[in-house]
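Quick notes on the structure that follows.
Protein chains get the first letters and strands the later ones, always in sequence-line order, with residue 1 at the start of each.
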Amino acid sequence: MTSFLADSSDPSAPDVKLFTRHPAEVARELIGMILTVDGVGGRVVETEAYHHEDPASHAYNGQTARNGAMFGPVGHAYVYRSYGLHWCLNIVCGDTPGSAVLIRALEPTAGIELMRERRGMEALRLLCAGPGRLCQALGVTLAHDGLPLGAAPFALEPSLQDWEIAVGPRIGLTKAIQTPWRYGLAGSKFLSRPFPKVVAS
DNA sequence: AGACTGATATTCT
DNA sequence: GAATATCAGTCTA
């Protein structure tokens, strides 16, 4: 109940302002926040921004059955199947429809034993180091597509005071490779991959 | 360390 | 039919 986020169907809620911005700003803003699903999750250490005018975005060619949530309300989840087997979690944002931030990695902080069971491995570093791994660890599936981040089972709240943000090119793309819209918590051991350079925050 | 491979949904050509 | 916002396993070095 005492979530940082209100229900984003209320247009005056603070999180609606938080997410009604360019996805690159939102991606940067999310680094360091604690994201949980039914109390299981951790600190966001890696994100990527996707804008509807960006050729790498699922929304670039317009609305389809899969990406419908990207055209819905800001602050809600967009979940899609990747390479036919993994789930990937995004948060819809932007000041126009069709933008989102992909959550790429978490530093596990809550429900670690349950995450180990779901992932079938012990190594803390690999529990949530990647968009597919993170969804498996948190139990995110298509059932979460379109749900608001500001209400159960989701929770999202700030956790850090001062930290440095790393910036670099997005991963696994063949289009718009040069657009540096990948953000990370500098020096984190829980990234899916290291960053080439670091800038201050 | 890096290279290859398989699993296989969804979209686009 | 080919490509993709992936991961784990299994090779070779």
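One N or O on the side chain of Ser159(A) and one on the backbone of Gly32(A) form a donor-acceptor pair closer than 3.5 Å. At distances below 3.5 Å, not a single donor-acceptor pair connects side-chain atoms of Thr179(A) with backbone N or O atoms of Trp181(A).
Heavy atoms of Arg66(A) sit under 4.0 angstrom from primed sugar atoms or phosphate atoms, though from no base atom. In this structure, Arg119(A) reaches the sugar-phosphate backbone alone: every heavy-atom distance under 4.0 Å involves primed, P, OP1 or OP2 atoms, never a base. Here Thr174(A) lies in heavy-atom contact (under 4.0 Å) with sugar-phosphate atoms only. Nucleic acid contact for Asn90(A): base, since at least one base atom lies under 4.0 Å from a heavy atom of the residue.
A donor and an acceptor atom never sit less than 3.5 Å apart when one is taken from the side chain of Tyr83(A) and the other from the base of dA5(C).
Comparing atom distances between the Leu85(A) side chain and each of dC12(B), dA8(C), dA7(B) picks out dA7(B) as nearest.
Rounded to an integer number of Å, the gap from Ile91(A) CD1 to dA5(C) C1' is 15 Å. Summarising the geometry, the separation between NZ on Lys175(A) and P on dT11(B) is reported as 13 Å, rounded to the nearest angstrom. A straight line from CH2 of Trp87(A) to P of dT8(B) spans 13 Å, rounded to a whole angstrom. When rounded to the nearest whole Å, the span between OH of Tyr50(A) and C1' of dT11(B) equals 16 Å. Look at CG on Leu102(A): it is 11 Å from C1' on dT6(C), rounded to the nearest Å. To the nearest angstrom, C1' of dT4(C) lies 10 Å from CG of Leu173(A). As rounded to whole Å, 8 Å separates atom P of dT6(C) from atom CD1 of Ile171(A). A straight line from CZ of Arg182(A) to C1' of dA5(C) spans 12 Å, rounded to a whole angstrom.
Mapping Pro131(A) and Gly84(A) onto DNA chain C via the closest heavy atom, the residue that lands nearer the 5' end is Gly84(A).
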Seminar exercise, completed: Intra- and inter-strand pairing of DNA chain B, written as dot-bracket with Watson-Crick and G-U pairs under 3.5 Å and | for the latter, reads |||||||.||||.
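Judged by ring centres under 5.5 Å apart and planes tilted less than 30 degrees, Tyr80(A) fails to stack against the six-membered base ring of dA5(C).
Distance noted for atom C1' between dT10(B) and dA8(C): 22 Å (whole Å). Nucleotides dA5(C) and dG2(B), compared at atom P, are 23 Å apart to the nearest Å.
Separation of atoms CG (Leu160(A)) and CG (Leu185(A)) is listed at 6.5 Å; rounding is to 0.5 Å.
Arg119(A) and Gln136(A) are linked by a side-chain donor-acceptor pair at a separation below 3.5 angstrom, with hydrogens and angles left out of the test. Side chain to side chain, Ser192(A) and Arg104(A) meet the donor-acceptor criterion of an N or O pair below 3.5 Å.
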For this session: Kindly determine whether Arg116(A) and Glu113(A) satisfy salt bridge (charged side-chain N to carboxylate O under 4.0 Å, His left out), including the steps that lead there.
Result: CA-CA 5 Å; Arg116(A) 284 190 164 126; Glu113(A) 282 314 310; 2.9 Å; yes
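Proximity of Arg81(A) to the phosphate of dT4(C): no side-chain N or O atom is located under 4.0 Å from OP1 or OP2. Residue Ser82(A) places none of its side-chain N or O atoms closer than 4.0 Å to OP1 or OP2 of dA5(C). Contact check, Asn61(A) against dC12(B): a side-chain N or O comes under 4.0 Å of OP1 or OP2.
Within a 6.0 Å radius of OH in Tyr60(A), other residues, nucleotides and ligands contribute 12 heavy atoms or fewer. Surrounding CZ of Arg118(A) are more than 12 heavy atoms belonging to other residues, nucleotides or ligands, all under 6.0 Å away.
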